[in-house]
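To keep things clear, I will list the structure first and then write my remarks on it.
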Amino acid sequence: MRGFLTLTVRAVSRVPRVPRVPRRPLSGGRPPAPLGARVLTNPEDIFQHNMWDHVQWTEEETEKARLRAEENSKEKIPVEEQSKYDGEAYKYWDRFYEMHQRKFFRNRTWLFTEFPELLPPDTAGLCRPELEQDSRSESGNREKQQPCGSCTLTSHMDTFPGQHAAFRILEVGCGAGNSVFPIISTIRGSKAFLYCCDFSSQAVELIQEHPDYDPAVCHAFVRDICDTRSPFPFPPESLDIILVVFVLSAIHPARRAQDVVTSLAGFLKQGGIMLFRDYGRYDLAQLRFKKGQCLSENFYTRQDGTCVYFFTKDEVHRLFSDAGLEELQNLEDRRLQVNRGKKVVMHRVWVQSKYRKPSLISD
């Protein structure tokens, strides 16, 4: 492992210097360009920061990572035992959130830097009074509010939460709200409305019980996105943005990920955008798995029973393009994460993508 990391430092040191992008405040305009510009050009500076951007791997490093992943995948979980990780996935995530509550993940303060598309076109606009009144009357008292995973709304609904909003966002796999509450804080007072769902009822309850949860701007509900036949509480082609962050990796891509993406694409307006970020192939998390935790190629189960897949950007492109969406961005975000206290460096790899639903009139 030490040799692998040493090679990385040498490789990063050969990357040409990129001009620093100033970090502008969010108020008064859109955030700076996505992805940082902190490039390690001098190996002696490695412990000066917690993260280095645009890390370039050599062919030798890539091969070592591939061999390590191949090694920890040799011993697979027996086929007869694998079905429980799929059929009972919600139970594992319920236990996860029951144990960790809101303390395991940090709020995603980077969302608007990487995905400025989340910002409503008119952040200074005010929601219509009837929006707040309708949202609160539909949601009821916060303490008594129930998840609406069993709601009976259909695609031909006349009224639905957030119907008066001019800009609608859906986050799927919202967990305990680490994206939800940064978004609520940003869109409050605008004409935007946020929907968020998770198939863990425990996670949705944590969101609804949070002091910052506001039914006037957000509607949280229980939904298994793999069940493409169950209704959403809004009609088709009604969403401007769908946020899919660290959720598709929990679904076996060879089975249902394509159906999920295709189904979600049907809820985007023409010109609407799906924003994706998830684990990339040979990320540190993949290389740390032990033998006996692999379900299938590049798909693992953690000790707590939750599952994770590691994508390539080509796989991601196929998922979204086969759903009829146009590529705006599709990249591997390779970074060097540094624990300065322990003097440890770690390779992180994510895939970040943006895909748009084509308009009838081409741009």
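Worth saying up front: this structure is predicted, and the values here are computed from it rather than measured.
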Ser321 and Tyr355: side-chain donor and acceptor closer than 3.5 Å? no

Any chance you could measure Ile241, atom CD1, to Ile273, atom CD1, to the nearest 0.5 Å? 4.5 Å

Would you name the heavy atoms of Arg318 and Gln258 that are closest together and state the gap between them? O-OE1, 3.7 Å

Who passes side chain to side chain contact (heavy atoms under 4.5 Å, CB included) against Val180, sequence neighbours left out? Glu171, Cys174, Ile184, Leu194, Cys196, Ile207, Cys218

Determine the sole option in Trp52, Trp57, Tyr282 for which the ring-ring contact (aromatic ring centres under 6.0 Å, His included) test with His347 is passed. Trp57

Check ion pair [X]-[Y] (N to O, under 4.0 angstrom):
| X | Y | answer |
| --- | --- | --- |
| Lys357 | Glu237 | yes |
| Arg68 | Glu71 | no |
| Glu70 | Lys74 | no |

Describe, in one word, how the ring planes of [X] and [Y] are oriented to each other, choosing from parallel (under 30°), tilted (30 to 60°) and perpendicular (over 60°).
| X | Y | result |
| --- | --- | --- |
| His219 | Tyr195 | perpendicular |
| Phe234 | Phe232 | parallel |
| Phe181 | His210 | parallel |

Tyr279 ring center within less than 6.0 Å of Phe246 ring center: yes

